[in-house]
Amino acid sequence: QVHLVESGGGLVQPGGSLRLSCAASGRIFSIGAMGWYRQGPGKQRELVARVSSGNSTDYGDSVKGRFTISRDNAKNTVHLQMNSLKPEDTAVYYCNAYLMQSAGARVYGYWGQGTQVTVSS
């Protein structure tokens with residue numbers, strides 16, 4: 001079993017900041033890419049940011065320059081620092097990770113349960 005547990009969501013005013021964290025636990029041999037996606041009301045799930053095992057990063061156009069993704073391989077965690085938040089950032093944010101549970105096993109993608117971020121005055 002593998003679990004991804006997100007934390008750090010909440011209510012914040014426009015222009016404010018939040019930091020999301022996601023910890024992977026369970027039977028894990030190695031983790032490849034980790035990332036954050038979001039789904040706003042009535043919208044499709046979209047990429048927010050992702051980071052490879054080699055620390056290459058990729059961001060959605062709407063968050064470039066405002067959000068920063070980072071990972072701690074020793075702790076199997078990924079973080080998302082969100083600054084200059086806007087009302088349109090309101091969404092459920094989901095953590096994602098591609099990992100192997102044992103040597104030579106297939107790589108599967110796993111999702112967290114999601115954490116709500118609401119940006120409102």
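Keep in mind that what you see is a predicted model, and the values were worked out from it rather than measured.
- Residues Val78 and Tyr94 are members of separate hydrophobic clusters, defined by side-chain heavy-atom contacts under 4.5 angstrom among Ile, Leu, Val, Met, Phe, Trp and Tyr.
- Leu85 and Arg66 get closest at one heavy-atom pair: CA-NH1, 3.9 Å.
- Other residues, nucleotides and ligands contribute more than 12 heavy atoms inside 6.0 Å of the OH atom of Tyr110.
- A donor-acceptor contact closer than 3.5 angstrom links the side chains of Asn83 and Ser17.
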Test log, rule side-chain contact (heavy atoms from CB on, under 4.5 Å), inputs Glu6 and Trp36:
CA-CA 10 Å; Glu6 300 110 332; Trp36 291 92; 3.7 Å; yes
What's the verdict on side-chain contact (heavy atoms from CB on, under 4.5 Å) for Met34 and Ile69, showing C-alpha distance, side-chain angles and the deciding distance?
CA-CA 9 Å; Met34 303 182 79; Ile69 191 169; 5.9 Å; no
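- Within the model, atoms OG of Ser70 and CG of Leu80 stand 8.5 Å from one another, a figure rounded to the nearest 0.5 Å.
- The shortest non-hydrogen separation linking Pro14 to Ser121 is CD-N, 3.7 Å.
- Considering all non-hydrogen atoms of both residues, Ala24 and Ile31 come closest at CB-CD1, 4.1 Å.
- Judged by distance alone, the side chain of Gln101 and the main-chain N or O of Arg27 form a donor-acceptor pair under 3.5 Å.
- No side-chain donor from either of Arg45 and Tyr37 sits under 3.5 Å from a side-chain acceptor of the other.
- Closest approach of Val119 and Asp89 over heavy atoms only: CG2-CB, 4.2 Å.
- Residues Val48 and Tyr93 form a side-chain contact, since some pair of their non-hydrogen atoms from C-beta on lies under 4.5 Å apart.
- Under the disulfide (SG to SG under 2.5 Å) criterion, the residue pairs touching residues 3-116 are Cys22-Cys95, with sequence neighbours excluded.
- In plain terms, the two heavy atoms of Val5 and Gln113 that are nearest each other are CA-OE1, 4.0 Å.
- Counting only N and O atoms by type, the side chains of Ser62 and Arg38 include a donor and acceptor under 3.5 Å apart.
- With values rounded to the nearest 0.5 angstrom, Leu20 atom CG is found 7.5 Å from Ser7 atom OG.
- Here the shortest heavy-atom pairing between Tyr59 and Thr68 reads OH-CA, 3.4 Å.
- To the nearest 0.5 Å, the span separating CG on Leu11 from CD on Gln13 amounts to 8.0 Å.
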Test His79 against Arg19 for side-chain contact (heavy atoms from CB on, under 4.5 Å), laying out the working first.
CA-CA 7 Å; His79 307 283; Arg19 179 177 171 86; 3.2 Å; yes
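- Linking Ile, Leu, Val, Met, Phe, Trp and Tyr residues whenever their side-chain heavy atoms come within less than 4.5 Å places Leu4 and Tyr108 in a single cluster.
- Of the inter-residue distances, the one linking Asp72 atom CG with Thr77 atom OG1 reads 4.5 Å to the nearest 0.5 angstrom.
- Note: Phe67 CZ to Thr57 OG1 = 14.5 Å, rounded to the nearest 0.5 Å.
- In this structure, Lys64 pairs ionically with Asp61, as a charged nitrogen and a carboxylate oxygen lie closer than 4.0 Å.
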side-chain contact (heavy atoms from CB on, under 4.5 Å), that's the test. Do Val107 and Leu99 meet it? Break it down for me.
CA-CA 5 Å; Val107 175; Leu99 60 90; 6.0 Å; no
Under the side-chain hydrogen bond (donor to acceptor under 3.5 Å, both in side chains) criterion, do Glu46 and Gln39 qualify, and how do the steps go?
CA-CA 6 Å; Glu46 63 175 358; Gln39 187 164 15; over 6 Å; no
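- Between the Arg71 side chain and the Val51 main chain, a donor and an acceptor come within less than 3.5 Å of each other.
- Hydrophobic clustering, with ILVMFWY side chains joined whenever heavy atoms are under 4.5 angstrom apart, groups Leu47 together with Val92.
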